[in-house]
There are 2 protein chains.
Amino acid sequence: MSLKYALLGFLSYQPMTGYDLKQRFDHSIDHFWNAELSQIYPTLTRMKEEGLLTMDVEFQDDKPNRKVYHITNSGRDELRHWLLELEDAPQIRISFLIKVFFAGMLKKEDVLAQLQHQLALHQAQLVDYQETVRNHIHENIEATGMKRDGEFWELTLEMGIKFEEGWIEWCEETIEKIEGMNDE
Amino acid sequence: MSLKYALLGFLSYQPMTGYDLKQRFDHSIDHFWNAELSQIYPTLTRMKEEGLLTMDVEFQDDKPNRKVYHITNSGRDELRHWLLELEDAPQIRISFLIKVFFAGMLKKEDVLAQLQHQLALHQAQLVDYQETVRNHIHENIEATGMKRDGEFWELTLEMGIKFEEGWIEWCEETIEKIEGMNDE
DNA sequence: CAGATCATGTAACCTGTTACATGATTTC
DNA sequence: GAAATCATGTAACAGGTTACATGATCTG
């Protein structure tokens, strides 16, 4: 249940609603984690029941009331404890590689179409990281003055960029190799 | 439902039992996909009901009967169709990066311990790919004579290696950066 | 006038993991 | 004597996605 800890993490910065948290996910950690509102809301409710959060209601006439969640000391302890737990290597699931694995039954041109498509996706993703995501992070650092934390935010972005660069290299190398195969 | 297509892929090579298929998963595609027997068995049953597979029972006295699954023409069509569908960029979930993102609240040495742990895991994984997995693939190519297919099997391994190299580089760079930070 | 933003949720579904059940044979 | 191999499964649970429901205000 990593979602819980991501929520605790953001709430350790400041009290927020579920809706606010979803925005933080979209703008800061989308490149390695995200969640839908339909998952966030019930999770916050459960975390409140567990004593990790408290909730204040801000009444609104025109919209549903804002439910502002605050982290408790117990929540802070649990977050800190989780952050210190050594993490296993992530397990990978890439259905695209299943396609590559069984691509022997396809014509060269069909495999190449797949690879060129992936290449384009990863090139676009890389640009998005280097521009949009990087800007979001920098804006956040300036808006909050959280310089030390910001260094860690940037490190996660660097990993995202490294991933995409790896994909792009592999796609390019693979396209060349396949072009060199004889299509018996 | 990529599991279905991975099963169809292996069964397009030759008829097999669920147990055999699990072994193929472990030895060939574990670095980007895997499944438990408890998921494979019911999936095969369902695929048979869908007409993608047929089943022969080989009676055994001492062990449960072997249920050997064969791919049907319909199964082959569905596999081929899926292989041609352009794939979206894989979505990533790396809980370790949540830890990095919120590492600002930790002491330098605690963050470094995490990173050194990850570094070691990825170094070990890389060696495993370069040795064990590569050997499995080569043995399979020799045992089956599937040279053209084998080229694609190797390409997926190359991607696994590229991933691990990326992780290792990032860990090393990150460890240096963090060592250079002042721990206020 | 359509679509995004704000703001909350519930319900059904899909995928995958863990635990449990059985049991003979082979290997260390 | 313990653990791995062969061979099948079921049941409960966890996590995440998609669809549905509501509704005002703001933006293009």
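Note on naming: letters A, B, ... go to the chains in the order of the sequence lines (proteins, then strands), and numbering restarts at 1 for each one. A quick note: this is a predicted structure, and the numbers were derived from the prediction, not measured.
Ring centroids of A:Tyr5 and B:Phe102 are separated by 6.0 Å or more, keeping the two rings apart. Between A:Phe10 and A:Trp153, the ring center distance fails the sub-6.0 Å criterion.
Taking atom CZ of residue B:Arg66 and atom P of nucleotide D:dC6, one finds them 10 Å apart after rounding to whole Å. Atoms CE (A:Met55) and P (C:dT8) sit 10 Å apart, rounded to a whole Å. Taking atom CE of residue A:Met47 and atom P of nucleotide D:dG15, one finds them 13 Å apart after rounding to whole Å. Whole-Å rounding puts the A:Arg24 CZ to C:dC6 C1' distance at 16 Å. Between the P atom of D:dG15 and the NZ atom of A:Lys4 lies a distance of 9 Å, rounded to the nearest Å. The OH-C1' distance, from B:Tyr5 to C:dT15, rounds to 14 Å in whole Å. With rounding to whole Å, B:Leu21 atom CG is found 15 Å from D:dC6 atom C1'. Atom-to-atom, NZ of B:Lys22 to C1' of D:dG9 comes out at 15 Å; the value is rounded to the nearest Å.
Side-chain proximity of B:Leu37 to C:dT10, D:dT8, D:dG15: nearest is D:dT8. Of the candidate nucleotides D:dG15, C:dT18, C:dT8, C:dT8 has the atom lying nearest to any side-chain atom of A:Tyr19. The side chain of B:Lys67 lies closest to D:dG9 when the candidates are D:dG9, D:dT17, C:dT10. The A:Leu3 side chain lies nearest to D:dG16 when the options are D:dG16, C:dG16, D:dC6.
Phosphate proximity of D:dA7 to B:Gln60: present, with a side-chain N or O under 4.0 Å from OP1 or OP2. In this model, the phosphate group of C:dG9 is not approached by any side-chain N or O of A:Tyr41 to a distance below 4.0 Å at OP1 or OP2. Between B:Arg93 and D:dT17, a side-chain N or O to OP1/OP2 separation shorter than 4.0 Å is present. OP1 or OP2 of D:dC6 lies within a sub-4.0 Å distance of a side-chain N or O belonging to B:Gln23.
Shortest non-hydrogen contact noted between B:Met105 and A:Asp149 is N-OD1, 4.3 Å.
Nucleic acid contact class of B:Glu58 (heavy atoms, under 4.0 Å, all strands): none. Within 4.0 Å of B:Gln91, counting heavy atoms only, lie sugar-phosphate atoms of the nucleic acid but no base atom. Across all strands, B:Ser38 comes closer than 4.0 Å to base atoms (heavy-atom distances).
Here the side chain of B:Arg93 pairs a donor or acceptor atom with the backbone of A:Asn34 at under 3.5 angstrom. Not one N or O on the side chain of B:Lys22 forms a donor-acceptor pair closer than 3.5 Å with the backbone of B:Ile40.
Nearest-nucleotide mapping onto DNA chain D: of A:Glu36 and A:Pro64, the residue sitting toward the 5' end is A:Glu36.
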